[in-house]
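All remarks here apply to the structure that follows.
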Amino acid sequence: MKVFHLISLGAAALFSVACGSNTLQSPDKSIKAVIDGQSIAVYYGVSQVISDLHVGIITQSQNLDSALVLSSQSGRKLIKEEYDMPAGKRLHCSNSANEKILTYKNPSGEELQVVLRLYNDGVALRYVTAEGTMVMEDRTSYSVADGVNRWIANYDASNEQPFPLSTDGSVGTSKYGRAAKNSKWSYPALVEPVPGIFALISEADIRVGDSGSYLVNEKDKEVYEVTLEGPNAYNEGMSPWRCAIIGELSDIAESTLITDLASPSEIADPSWIQPGVSSWIYWAYNHGSKDFELCKTFIDLAAQMGWPYCLVDWEWPEMTGGYDLNDVMAYAREKGVKINLWYNSGTSWIGPGAPQPQDRLNTPESREREMQWLEEIGVSGIKVDFFSPLNDEMAKYYIDILKDAARHHLLVDFHGCTIPNGWQRTWPNMMSMEAIYGAEWYNNGPFFGPTAAVHNATVPFTRNVVGPMDYTPGSFSDSQYAHLTTNAHELALPVLFESGIQHMADRPAGYFGDEAAKNVYDPDKQARIERAAAMASRPSGGPGPRGGFGNVQVAIPTEECPGIPQEALDVYSGLPSIWDDTKLLAGYPGEFVVMARRSGSKWYIAGINGKSEPVDIAFSLERLGVSASSNILFCDGPQDRIIDVKTLELNGDSASVPCRARGGFLVVID
């Protein structure tokens, strides 16, 4: 059995003896790798974080996994890099790493080179073969012992699964709340091999010719093997990076390792790329983009809130009442709002009954024709949905969309898709990716609501670490199913979750309240009232999901929308989606999180409680280096749907905010 070891301080001297030619350290010496043949052990300080990082591949003609011998290794090379991003955790990124090239030979004398890098916040490796070599299997694997805390999602091509806490490598929990034996797992995978020290396993820099991968532990539940979606023909003879972000939770949450490993930007002049906040029809009105009056309502919402964008979602070519997109564009221009449009990728959900438009991006010719038209009529970006699994053909399709969209100055948001692997650096017009079990699931059944708080307190340490996340936060009213999170919890989410375009989910009444929005066009209001009444007739709202998250009662949707305070509306009207810096102030996956993001001289601090019981969340402002003499605190009021407005009280640099069950808060410090 492969196990993790916590090396005692007394063993540090013994470890240092082993640090010879078969070792590599990060530039700050916090992370060390010990190379033993095909096995690499990785340490954070004196703690072993990865006991066996196995290397090897199998090509169409060669077995470069069995009985490899480390024949030579290069000297240490220092890698230093700086680059700018239009969106993300911080605008200016810098990194440094030490690199070695390891050369292995199989019994036939055939060679495999492994590029090994140790950054100050993680480990990465990639394989080098002759260009054009067809790689059939990637044999990289990570050992995670039974009993170790882990937060890993079941494998799902859309990456819309929760990250429940588990200590068993064979039990997963689905988005439907069911626990079951499982052996296929998605990235990113978070493990805590030593208390307080973590590793987040993922991949980076998928290029044309590459296939994405996932993890499988079917043979041995303590060994997670990288499994390709399809064969790889490595671009320039190099594989994608296999990587793990390593350190304390602040190292994990603040890391830019995925973009550090990505290819540099392909856009020479990115000045046209403008991240921002957007109104969004679909959450409140699933088929609302067919209705021109509803499109106007959400354009008006964006204009009133000062948000630059409105997303017109699926089925817009089927607009009724004699209206079409030209009418939407004309109204948006009048209101000073930019329009983004939904598209079906045409690869997964296709054929009769699939949402339109579904056949306009598939070929280079149709894509060029469509994007040229979009640029001419003034559309700002596209949301492309429903992708097939990330084999080499699909990876090329994603990249072709990004490349062609950049040429026509179009922003891109992918949905029903793979997770970020660094494309946001290579193609910075990529504003966001869904790949998240998000607020859309309030529409799809009763199982999301009871699990949302713990899930929301987990994804800042898992999914959102690797790149922008189109969760579509900020739902203060109810859609088909009610939210159990408090309104202060919801208020915090657009700051807690990073996305280049932040799609705000709610209808106008959710923000302004019923009275202020009473004359707003709302064709579904009666249907929502009837649906809530039907749910209320069930005993206790019906049973909650079983397995993994417990047996929790489902809340009944309500048509009562108190709205959010004017002070909160003022914050939302100027809400950034560009951050100069990001700091984790406190947290633990699934329990609570406090994240601070800076825009200019202003800090936004978002905190949420993932538990179903009240807690006081304590944190320090010391890392921010600011005085909180001028601040505003939005926190839980006397009821779940009431937000109180106060001043954050400090004891030195420390603060503590009482939170209701599944509650939260937002602090703004100027």
Side-chain angles (χ1 to χ4, degrees), residues 1-4 49-54 140-203 213-227 244 249 252 389 419 435-438 441 444-463 465-466 543-554 588-591 610-612:
M1 183 176 72
K2 298 172 178 64
V3 297
F4 288 94
V49 180
I50 301 175
S51 63
D52 181 11
L53 171 52
H54 177 86
T140 310
S141 64
Y142 306 85
S143 294
V144 181
D146 234 10
V148 168
N149 285 352
R150 71 206 67 194
W151 297 262
I152 313 178
N154 291 355
Y155 171 74
D156 180 342
S158 70
N159 293 283
E160 296 178 36
Q161 296 280 0
F163 293 83
L165 169 64
S166 175
T167 58
D168 187 325
S170 62
V171 177
T173 303
S174 78
K175 57 194 171 190
Y176 303 108
R178 293 189 287 267
K181 293 289 185 180
N182 187 52
S183 62
K184 293 183 178 181
W185 311 91
S186 294
Y187 299 121
L190 181 68
V191 298
E192 187 183 15
V194 177
I197 299 174
F198 298 80
L200 184 71
I201 299 166
S202 200
E203 63 183 358
S213 66
Y214 53 96
L215 298 171
V216 173
N217 65 342
E218 186 174 17
K219 298 175 188 173
D220 181 343
K221 70 175 184 176
E222 297 186 337
V223 179
Y224 290 79
E225 299 178 327
V226 172
T227 303
L249 279 175
I252 304 295
I419 65 166
I436 182 64
Y437 187 46
W441 282 89
N444 298 339
F447 28 80
F448 183 73
T451 67
V454 64
H455 177 63
N456 293 346
T458 304
V459 293
F461 306 108
T462 53
R463 164 62 183 86
V465 173
V466 300
R546 294 179 175 84
F549 296 98
N551 188 359
V552 183
Q553 296 302 307
V554 176
Y588 189 81
E591 295 185 5
K611 295 182 178 181
S612 299

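Fair warning: this is a prediction, and the values are worked out from it, not measured in the lab.
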Going through the checks in order, is the side-chain contact (heavy atoms from CB on, under 4.5 Å) test met by Ser213 and Thr227?
-> CA-CA 5 Å; Ser213 66; Thr227 303; 5.8 Å; no

Checklist entry - Going through the distances and angles, do Arg463 and Thr458 end up as a side-chain contact (heavy atoms from CB on, under 4.5 Å)? => result CA-CA 8 Å; Arg463 164 62 183 86; Thr458 304; over 6 Å; no

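Nearest heavy atom pair, residue Val454 against residue Gly590, reads CG2-O, 3.2 Å. Here the closest non-hydrogen pair linking Gln161 and Thr173 is OE1-O, 4.3 Å. The shortest heavy-atom contact between Ile436 and His455 is CD1-NE2, 3.8 Å. Counting all heavy atoms, side chain and backbone alike, Lys175 lies closest to Ser158 at NZ-OG, 4.4 Å. Contact between Val49 and Pro193 at its shortest, heavy atoms only, is O-CG, 3.5 Å. Smallest separation of non-hydrogen atoms from Leu249 and Tyr588: CD1-CA, 3.9 Å.
Just one of Ile152, Asn159, Thr462, Leu215 meets the side-chain contact (heavy atoms from CB on, under 4.5 Å) condition when paired with Tyr187; it is Leu215. Val465 pairs in a side-chain contact (heavy atoms from CB on, under 4.5 Å) with only one of the listed residues (Val459, Leu190, Leu200), which is Leu200.
Side-chain contact of Asp168 with Ser166: a donor-acceptor pair under 3.5 Å is absent, judged by distance alone.
The distance from atom OG of Ser143 to atom CD of Glu222, rounded to the nearest 0.5 Å, is 8.0 Å. Within the model, atoms OH of Tyr142 and OG of Ser51 stand 13.0 Å from one another, a figure rounded to the nearest 0.5 Å. Expressed to the nearest 0.5 Å, how far CZ of Phe461 lies from CD of Glu192 amounts to 11.0 Å. Taken from CD1 in Ile419 to OH in Tyr214, the straight-line distance is 14.5 Å, to the nearest 0.5 Å. Note: Lys184 NZ to Asn217 CG = 11.5 Å, rounded to the nearest 0.5 Å. Going from atom CG of Asn456 over to atom OH of Tyr437 covers 10.5 Å, rounded to the nearest 0.5 Å.
Aromatic ring pairs are classed by plane angle as parallel below 30°, tilted from 30° to 60° and perpendicular above 60°; the pair Trp441 and Phe447 is tilted. Between Phe198 and Trp151, the ring planes lie tilted relative to each other; the angle falls in the 30° to 60° range.
Put simply, the side chain of Thr167 never gets that close to the backbone of Gly147: no donor and acceptor are under 3.5 Å apart. Judged purely by atom type and a 3.5 angstrom limit, Glu225 has no side-chain atom pairing as donor or acceptor with the backbone of Ser141. Under the 3.5 Å distance criterion, the side-chain polar atoms of Asn154 are left unmatched by any main-chain donor or acceptor of Asn182.
Counting heavy atoms from C-beta on, the side chains of Glu203 and Val226 never come closer than 4.5 Å.
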